[in-house]
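Here the structure comes first, spelled out in structure tokens, and everything after it is commentary.
Chain identifiers are assigned alphabetically (A, B, ...) following the order of the sequence lines, protein sequences preceding nucleic acid strands; residue numbering begins at 1 within each chain.
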Amino acid sequence: MRRFLTKLLQFVLLFLSCIWLALALIALSTNWTLQYEYKYFGHRTHWGSSLERVAEFEHWAEQNAQQPKGLIVGSSTAYRNINPHILSDQTHINWFNYGSSNQSPKMSYHLLEQALEQTHLDYVLLDIYGPIVNNDGLEAAFDLVYNSDLASWQKTKLLWHYPNVQLWLRYGYSYTKNLLPSPTYIIHDSTNGTYLKKGFVCSNQPALQHYNKVQKHQKAQQIPDFPELQQIAKLCLANGTKLILNISPSLDGDFRLPSSYKKYPLIQIKAFHNPQHFYDSHHMTCEGANLYSKRIIEKIQKLK
Amino acid sequence: MLFNSFEFFLFLPLVFGLYWFVFQHKLRAQNLLILLASYFFYGWWSWAFTGLLLLSTLLDYAYGFGVAAANRRKAKIFLWLSIINNLGILGVFKYYNFFAVQFQQGFELLGIHSNPTLLNIALPIGISFYTFHGMSYVFDIYRAQQKPVRNIVDYAVFVSFFPLLVAGPIERASHLLPQVQKVRSFRYAQALDGLRLILWGLFKKVVIADGIAQLIDPVFTHYTDYNSATLILAAIGFSFQIYGDFSGYSDIALGTAKLFGFELLSNFRFPYFARDIAEFWRRWHISLSTWFKDYLYIPLGGSKNGQNKAIRNTFIIFLVSGFWHGASWNFIIWGFLHACAFLPLLLTNRNRKYSQEIVASDARFPSGKELLLMLGTFTFVTFAWIFFRADTLSHATGFINSIFLNWGNTTGIKPNYILFLILILLLIDWYLRRDERSLKVPANRLLRYAIYLSLTFAILFHMDGEQSFIYFQF
């Protein structure tokens, strides 16, 4: 038994050393080519990622202690469709958009938990795009671990919530890269949008000209039950934060929440189906997002 | 709990540590630990269905004593009770909806409209495996090949031992129970073999099977969009996916059992090197095919009572085997196709031609004839797998039609390194083909470690989520 365990331990140590060596080689290879880093760990970008959003959030969290604060969480439909600048200007609430690509409700919960540890929030606007509730949120976790300046303990906490090897490798890689002379490449691609601060990305894609029109009689698709909503609601309640839900519109047809969720304040702007406000079935152009944000303000004011 | 999940990587060392460090040489405590761990392992998926597992275990344990009675009439009643009980569980959870729909459609043809109530319940994982464990135990006692076990924990371990609980191998009481009842001591070589098997099994599952699945799943779903060559490639891909998936699972099960001092039955012996379909069935899912042979084919008379009965029994065993896999016509057709391919061999008395040695057992390469025979068998098996992979019978026929009709279509898939890995798998299997149970490893330490490290790397880099095993659905 002792021999077996010694061998096993030796192998594990050897393996971990080799993993670290591989990560170091990939990190060093970025001095010549981004290829391997890009292939295995993705890339740092300005759009949809937490690269600037997290650092900016921390700054936002520290300031304006007197003014009510509102945080928008959700997936790409949150950071592309809801403009916090417009919301802040007209609601006298200081809004920040903490959405990120493929941010599932589970991920929104973790982000919210961490945000509430840093600052008091008066409002949380949870943007829900129907299919995202089935997403595991791993892409958002990759992004936070690899792209953001989230504190080490916050990243480590994420690893515990997402026991996934790929996430661990990204975690290891981000620290390895910081230790070595490995340049940071940030991919700029204007076609993916312009980052306008406060977490909002304004799309540069052309608007759709035609799209299958959503029929008036078309039944809204039911969003499956997702337990994270109860957790988010509980968290908000415990912190004296008002939770508002927003169902994101889609040109493929609207979504509706299970009837048991009607107890939460809900914004659903129906008939927001003009293809010229979208660049695909559910992401809006900048103009569409601005218009949509104004419609949200009307709803928020009614809720207040 | 899946073998390729994070939870299992915590669960296994914990149980291993308790088993060898806390309870070493304490047989009863070790067995109880295995039993509790097995129920925990199963309950991780569904706590509610652990009740069904427990009920099935208790009933067969009780029937075992009834079947052992000297009075043959009474014994037979208990045997039938066990059969009805196990098939009843399978019938309710696995086949009820299928039969309800078939009857409904049959009545519709007669102009009678009915609206049967369908059950909206999940199929309990491993139900087809643990019910077969229970039945074989009672059968063996009835045939005086096994004595009823007094200690219920021992029997429950035999039914629910976690490495084999959800997808086999389907063990025999005469093989596993003596191991459960015997004091087990840690053996270095056996444990090392176990780790190697787990590593190799994970590689086959996570890297090869899951990698192929990513490539071919869209092709099977949207088959009308793809060209014929791609459809053929997808069918071949599925042959290797299911092999990697299921033999990978079996390797992990065998390896895990070895870590606890158990030797399970082999489930695979390089089936794609089979030279005819009879040999294929001696090498593919061996524990199931031998189960059907021993508890169905032979009791029905096998091939001993004339040609007509041999034909009947062959069809029964293959159709039942197909139906065992799933309550759907495509599985039945899959079994039917195999029966059709097996029958000529049986009738010409050539079904045992390749029953002893693996192809090219004393040569480095197969002869031209052997190669052709292997290719022919593989082609047939691959064709039949289309029915197995398809969601419905019309999906399968649509896929096959598209193979013939889509030559003009230009859409294909980009072959990637997975195809290269299939080749590597075939080469490694070819290298290992004479040694069926334990993996042969190079004597050179450096090379050996390089292989272990490469496999571990490949597994970790490909572990993208937890993909379930195909055979869990059965």
Is A/Ile19 in contact with chain B via its backbone, its side chain, both, or neither, using a 4.5 Å heavy-atom distance? both
Taking atom [atom1] as the centre, does [X] end up with more than 12 heavy-atom neighbours from other residues, nucleotides or ligands that are less than 6.0 angstrom away?
| X | atom1 | value |
| --- | --- | --- |
| A/Trp153 | CH2 | yes |
| A/Tyr36 | OH | no |
| B/Trp44 | CH2 | no |
| A/Leu9 | CG | yes |
| B/Trp47 | CH2 | yes |

When you compare the side chain of B/Leu460 with that of A/Phe15, does any pair of heavy atoms fall below 4.5 Å?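 Side-chain contact under 4.5 Å: yes.
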Side-chain heavy atoms of A/Phe4 within contact of B/Leu195, under 4.5 Å: yes
Part of B/Leu10 within contact of chain A (heavy atom distance under 4.5 Å):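 Neither part; nothing is under 4.5 Å.
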Engaged part of B/Phe457 at the chain A interface, taking heavy atoms whose separation is under 4.5 Å: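 For B/Phe457, heavy atoms of backbone and side chain both lie under 4.5 Å from chain A.
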Worked check of side chain to side chain contact (heavy atoms under 4.5 Å, CB included) between B/Tyr188 and A/Lys7: CA-CA 10 Å; B/Tyr188 174 77; A/Lys7 282 254 177 190; 3.3 Å; yes
Considering all heavy atoms, the nearest B/Arg445-A/Gln10 contact: NH2-OE1, 4.5 Å
Derivation and outcome, side chain to side chain contact (heavy atoms under 4.5 Å, CB included), residues A/Phe11 and B/Leu453: CA-CA 8 Å; A/Phe11 180 74; B/Leu453 287 172; 3.8 Å; yes
Which residues in residues 16-34 of chain B have any heavy atom closer than 4.5 Å to a heavy atom of chain A? B/Phe16, B/Trp20, B/Phe21
Can you tell me how far CE of A/Met1 sits from CZ of B/Arg187, rounded to the nearest 0.5 angstrom? 13.0 Å
Sequence neighbours excluded, the answer for side-chain hydrogen bond (donor to acceptor under 3.5 Å, both in side chains) partners of A/Gln35 is none
